[in-house]
Amino acid sequence: MRFTKLHGLGNDFLVAHPGEGPDPEAAGELARRICDRHTGVGADGLILLEPEPGPPARARFRVFNADGSEAEISGNGLRCAAAFLAWSGAVAAPKVLFATAAGEKPGEILSADGPRFEVRMGLGAPRFASRDIPFDDGRSHDRILDHPLSVLNQSRPITCVSMGNPHCSLFFDAFPSRGQWQGLGSEIERHPFFPARTNVEFVRVRSRTEIEVLFWERGVGETLASGTGSAAAAVSSMIKGLVDRAVTVRTAMGSLKVEWPEGGEVLQTGPAEVVFSGDYPTA
């Protein structure tokens, strides 16, 4: 299988070249092998793309986590997919529409400098009801806003949002130690109140226009960045009244921008970079 590795702020993906990827039924097992950082290529996820005849430019998008589970969507993965399609010449237009399990998501290449791309993605409208996240504590909630969650023998306020996949944000004035927040992330990801598991964001608000986030991704663990996680952290900060409707999200390897106009959909702008291409034996 021919593949290309890309990353968005260190959140790395292997894109199977169209027509060379595995059957979807085998993709989970392949993702576990190829994403292993010791015995495989190493990545947070495997992306399968199926470009469709255009115009307009369209492609089907599926993403499998490093543990083999399939995610509904990935913000950084979509930016990397758009960069791959432009870099490989699979699409000529700067705009491409991705069909994902979370609906259609429009992407646009804003700039290109060799292997480095700046991409804007439309991530859709966030959802807040407990049934949409999903979050199940035996009650129905219109919003999970500063909701107490018992984890590791402590009650912690959480704010949840769906960006097409589940997210849970916790807010701090100062981040806990790496071991502490990783332990929290692991426990919350598999908390029984999240029947589909959840992604976890640890958020520090720096100003009305800037937040800093650490990420624990469902099916992956610690990641250097997360596109939908950045969006969820920004939206959660907005509904708590802590920031404006456009913020810069600082991650371990750089920043991206998240905008959520009143009554509109979330837009995210950030980098994606081609790292290398190679061949991987699938048999």
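For reference, positions follow the sequence shown, starting with 1.
- From I144, atom CD1 reaches atom SG of C168 across 9.5 Å, with rounding to the nearest 0.5 Å.
- The aromatic rings of H147 and F135 lie perpendicular to each other, with more than 60° between the two planes, well past the 30° mark.
- In this structure a side-chain-to-backbone donor-acceptor pair under 3.5 Å is missing from K105 to G75.
- Between L6 and R79 there is no side-chain heavy-atom pair separated by less than 4.5 Å.
- Of all heavy-atom pairs between T248 and K257, the closest is OG1-CG, 4.3 Å.
- In this structure the side chain of L85 reaches within 4.5 angstrom of the side chain of F98, judged on heavy atoms.
- At a threshold of 4.5 Å between side-chain heavy atoms, the hydrophobic network of Ile, Leu, Val, Met, Phe, Trp and Tyr places W260 and I73 in one connected group.
- Within the 3.5 Å criterion, the main-chain N or O of Q182 finds no donor-acceptor partner in the side chain of S186.
- Using modelled atom types, no side-chain atom of N11 and backbone atom of L224 make a donor-acceptor pair closer than 3.5 Å.
- F3 places a side-chain heavy atom less than 4.5 Å from the side chain of F276.
- At least one side-chain heavy atom of S69 sits less than 4.5 Å from a side-chain heavy atom of R197.
- Seen from the ring of F171, K240 counts as a face-on cation partner, given the 6.0 Å and 45° thresholds.
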Report the C-alpha distance between Q268 and L78 in whole Å, list the side-chain angles of each, state the deciding distance to 0.1 Å, and finish with yes or no for side-chain contact (heavy atoms from CB on, under 4.5 Å).
-> CA-CA 11 Å; Q268 184 176 92; L78 284 167; over 6 Å; no
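- Atom-to-atom distance recorded for L145:CG and C160:SG is 10.0 Å, nearest 0.5 angstrom.
- When the side chains of ILVMFWY residues are joined at heavy-atom separations under 4.5 Å, either directly or via intervening members, V200 and V220 end up in two distinct hydrophobic clusters.
- Other residues, nucleotides and ligands contribute at most 12 non-hydrogen atoms within 6.0 Å of the CZ atom of R60.
- Considering every non-hydrogen atom in both S74 and T228, the closest pair reads C-CG2, 4.2 Å.
- Distance check: C80 SG to L9 CG gives 9.0 Å after rounding to the nearest 0.5 Å.
- The neighbour count for R131 CZ, taken as heavy atoms of other residues, nucleotides or ligands under 6.0 Å away, does not exceed 12.
- How far CG of L46 is from CD of E70: 10.0 Å, rounded to the nearest 0.5 Å.
- With values rounded to the nearest 0.5 angstrom, D137 atom CG is found 9.0 Å from L149 atom CG.
- Within the 4.5 Å cutoff, the side chain of H167 has no heavy atoms near those of the V235 side chain.
- Placement of F61 and V274 within a single hydrophobic cluster is found when ILVMFWY residues are connected by side-chain heavy-atom separations under 4.5 Å, directly or transitively.
- Side-chain contact between F64 and L48: present, with at least one pair of heavy atoms (C-beta onward) separated by less than 4.5 Å.
- Counting heavy atoms from C-beta on, the side chains of V203 and S237 come closer than 4.5 Å.
- Between the side chain of T159 and the backbone N or O of D146 there is at least one donor-acceptor pair closer than 3.5 Å.
- Between the E118 side chain and the S111 main chain, no donor and acceptor come within less than 3.5 Å of each other.
- Within 6.0 Å of CZ in R245 there are more than 12 heavy atoms belonging to other residues, nucleotides or ligands.
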Test side-chain hydrogen bond (donor to acceptor under 3.5 Å, both in side chains) on E210 and S207 and set out the steps.
-> CA-CA 5 Å; E210 184 177 357; S207 72; 4.5 Å; no
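- Shortest non-hydrogen contact noted between G219 and E189 is N-OE2, 3.0 Å.
- No side-chain heavy atom of H191 sits under 4.5 Å from any side-chain heavy atom of E187.
- Checked for salt-bridge contact, E72 and R218 meet the test: a charged N lies under 4.0 Å from a carboxylate O.
- By the rule that hydrophobic residues join a cluster once side-chain heavy atoms approach within less than 4.5 Å of another member, F175 and V243 end up as members of separate clusters.
- Within 6.0 Å of the CG atom in D142, the count of heavy atoms belonging to other residues, nucleotides or ligands does not exceed 12.
- Although no hydrogens or angles enter the test, the distance criterion places no donor-acceptor pair under 3.5 Å between the side chain of D244 and the main chain of A246.
- Put simply, V258 and I239 are part of the same group of oily side chains (I, L, V, M, F, W, Y) that touch within less than 4.5 Å, one to the next.
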Stepwise, does the side-chain contact (heavy atoms from CB on, under 4.5 Å) test hold for M1 with I34?
-> CA-CA 11 Å; M1 181 187 77; I34 196 171; 3.7 Å; yes
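- Counting all heavy atoms, side chain and backbone alike, A31 lies closest to N65 at CB-O, 3.6 Å.
- V249 and A234 make their closest contact through CG2-CB, 4.4 Å (heavy atoms, listed as atom of the first residue, atom of the second, distance).
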Would H17 and F84 satisfy side-chain contact (heavy atoms from CB on, under 4.5 Å), going step by step from the backbone distance to the final call?
-> CA-CA 9 Å; H17 285 205; F84 168 79; 3.7 Å; yes
Criterion side-chain contact (heavy atoms from CB on, under 4.5 Å) on I188 and W216, from CA distance to verdict = CA-CA 9 Å; I188 294 173; W216 181 270; over 6 Å; no
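- The CZ atom of F128 sits 9.5 Å away from atom OG of S162, with the distance rounded to the nearest 0.5 Å.
- Put simply, the side chain of R250 never gets that close to the backbone of I211: no donor and acceptor are under 3.5 Å apart.
- The shortest heavy-atom contact between G10 and H7 is N-ND1, 2.9 Å.
- For E108 and R120, the salt-bridge test passes: some basic side-chain N is under 4.0 Å from an acidic carboxylate O.
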